[in-house]
Amino acid sequence: KAGVTQTPRYLIKTRGQQVTLSCSPISGHRSVSWYQQTPGQGLQFLFEYFSETQRNKGNFPGRFSGRQFSNSRSEMNVSTLELGDSALYLCASSFSGDKRKFFGPGTRLTVL
Amino acid sequence: DQQVKQNSPSLSVQEGRISILNCDYTNSMFDYFLWYKKYPAEGPTFLISISSIKDKNEDGRFTVFLNKSAKHLSLHIVPSQPGDSAVYFCAASARDGANSKLTFGKGITLSVRP
């Protein structure tokens, strides 16, 4: 069974731009969540989606948004990029209600 | 406020010996705990988990112990192998209906010396 896939793997943007990251969950998993990993803060929860609905949101500004499609694939968008948004963005999928999350390889975003 | 703490940033052990990785938590609503391993340039890999109704869970070389009264859990790796060298994250989830958000510690870097 294929794992969680994320595209692109690496991205370089400049301040003020916006970016869209994509995630395809493990087949059969309908819950998708996003995490940001930075050296200083570790892994921080961004949001979680199930059946195209945002079920939970972390403590991030409104510039961070996401959505989920009917095939469970998910995208997250960051608008008006700031230097501090440079991080590894990780997507994780799971069966609904299963607290074991399975992570993708991440998208490394660098904001210059 | 850091709800999941991994106070030791690094640990070095000899191959074949036991590795003990510790984790403390403050939120009494946490009822499920997980350990992940992460190599550079890869996403975290699920290792083992434990529910708060248990105090021990074992899977091969990996055993997780939970002490609810002390709000402490530990991961034991026996015997340690050089391939175990990675960053290990402790994570916790609270009992909250369908909410399954994970709260992570900042990780501990394990080095296993040949």
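Residue numbers start from 1 in every chain, and the chains themselves are labelled A, B, ... in the order their sequence lines are given, proteins ahead of strands. Worth saying up front: this structure is predicted, and the values here are computed from it rather than measured.
- Through direct or indirect side-chain contacts shorter than 4.5 Å among Ile, Leu, Val, Met, Phe, Trp and Tyr, B/Tyr39 is connected to no other residue.
- For A/Leu43, the parts sitting under 4.5 Å from any heavy atom of chain B are the backbone and the side chain alike.
- From B/Leu47, atom CG reaches atom CZ of B/Phe62 across 5.0 Å, with rounding to the nearest 0.5 Å.
- For the residue pair A/Gln18 and A/Asn77, a side-chain donor N or O sits within less than 3.5 Å of a side-chain acceptor on the partner.
- In this structure, chain B has no heavy atom under 4.5 Å from any part of A/Phe47.
- Residues of residues 28-36 of chain B lying within less than 4.5 angstrom of chain A, judged on heavy atoms, are B/Asp31, B/Tyr32, B/Leu34, B/Tyr36 in numerical order.
- Salt bridge present: A/Lys101 and A/Glu48 bring a charged side-chain N and a carboxylate O closer than 4.0 Å.
- Interface remark: A/Gln6 contributes no atoms to any contact with chain B (heavy atom separation under 4.5 Å).
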Inset, instruction - Go through the steps for A/Thr107 and A/Arg9 under the test side-chain hydrogen bond (donor to acceptor under 3.5 Å, both in side chains), then give the verdict. - result: CA-CA 4 Å; A/Thr107 294; A/Arg9 290 294 311 277; over 6 Å; no
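- Not a single salt bridge (charged side-chain N to carboxylate O under 4.0 Å, His left out) links A/Arg15 to another residue, sequence neighbours left out.
- Residues passing the salt bridge (charged side-chain N to carboxylate O under 4.0 Å, His left out) test with A/Asp85 are A/Arg63, sequence neighbours excluded.
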